[in-house]
Amino acid sequence: IDDFTYTTGFGAGAQWAVDDSGDWHDAANWAGAIPNAVGASATFANNNTAPRTVFINSAATVGTVHFNSPQPWLIAGLSTLTMQVASGAAQVNVTQGAHKINLPLHVASNTQVNVAAGAQLKISDPVTVAAGRSVTHTGPGTVTYESTVTLLGGAAISFAAAADVGTLAMGADATAALTGGGADALRVRNLVMNASSQLDVGRSALVVGGGSFGDVLAKVKDGSITSSAAADDAKNSTTLGLLDGGDEVLVKYAYYGDANLTGVIEQDDFDRFVLGYESNGATWADGDFDLSGAVDLADFDRLFAGLQG
């Protein structure tokens, strides 16, 4: 069975049928009805022999978008694409290749974004997640948001693998969570948080640009940026550590005492603590593991707790 036959069998709905660029709303381009309704499905399979662009110049609504080609597909245009289903969750699936959505994306229903290993999805225009709705990332592939992701009141987003976001704007009671492992960092070039929103780093790392170290530190200290993994640590040996990189701030799930955030407590970490204690250090990198603003004996107790983890 060749790949084309296989991909046409992926679920119900319409598949782009021509090896060419074209208008989303032109029925001649589709095998099946034009996908423009709540719950509709649009598949872009490996029948494109070169990069192709599908234009949306008047609004379209679908429940599923599926990319499955080693050649790039680009969805672009002057209008918007809305993800919406009557029940269950909408889906954006990337089985293979590197593909891009380059127009405003509205998430009106809970939506799953599943990017397979080695695949890439780039979303280059603003994404708006409706109040109370969620975007859940699954799969180990790479997702890049080049513009702004706006979470309206009570909306949520979760990342299971490394991701990059231009601006993450979190409204009242909005939540974001990193559900992957330690190597899966979320890089946010600009982070805007409502006072009641919360970002859970989990067991991962967050890299924040576009703001001061003091601003990020304040969000960690007041619990706006937190770690559920550290909160659930029965040994109380882990927390969130911060390093100031100048243009960026690294916030990472870490053992107390891991001053350089390498993932292990070593001689360099102990040396940093001693130097910070003797020279009035005031940051995590100096040995201030409880983020009190000073390196003292309480931080040594925290370092010892980290060694027990």
Q: Can you measure from CG (L217) to CG (D288) and round to the nearest 0.5 angstrom?
A: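 Answer rounded to 0.5 Å: 8.5 Å.
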
Q) Just how far is it from atom CG of N102 to atom OG of S147, taken to the nearest 0.5 Å? A)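 The OG atom of S147 is 9.5 Å from CG of N102, to the nearest 0.5 Å.
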
State whether a side-chain donor-acceptor pair under 3.5 Å links [X] with [Y].
X: N114; Y: Q112; value: no
X: Q15; Y: T43; value: no
X: T49; Y: D19; value: yes
X: N48; Y: S69; value: yes
X: S228; Y: D200; value: yes
X: H137; Y: S158; value: no
X: N68; Y: Q96; value: yes
X: D184; Y: S204; value: no

Q) Ring centres of F67 and F44 under 6.0 Å apart? A)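 Yes: the rings meet the under 6.0 Å criterion.
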
Q) Can the ring centroids of W24 and W30 be said to lie less than 6.0 angstrom from one another? A)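 Centroid distance W24-W30: below 6.0 Å, so yes.
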
Around [X], counting heavy atoms of other residues, nucleotides and ligands shown, do more than 12 lie under 6.0 Å from its [atom1]?
X: D247; atom1: CG; value: no
X: F270; atom1: CZ; value: no
X: Y255; atom1: OH; value: no

Q.
For M83, run the side chain to side chain contact (heavy atoms under 4.5 Å, CB included) check against V38, V92, T61, T64 and tell me which one passes.
A.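 Single pass found, and it is V92.
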
Q.
Can you give me the closest heavy-atom contact between T95 and H66, atom names plus distance?
A.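 Scanning both residues completely, I find the closest heavy atoms to be OG1-NE2, 2.7 Å.
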
Q: Identify the heavy atoms of S134 and V107 that sit nearest to each other, and give their distance.
A: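 Heavy atoms only, the tightest pair is O-CG1, 4.2 Å.
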
Q | Cluster overlap L152 with V127, hydrophobic side-chain contacts below 4.5 Å | A |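 They do not share one cluster, since no chain of ILVMFWY contacts under 4.5 Å joins L152 to V127.
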
(Q) With heavy-atom distances below 4.5 Å as the criterion, would you say the side chains of R302 and N236 are in contact? (A)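 Side chain of R302 against side chain of N236, heavy atoms only: contact under 4.5 Å found.
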
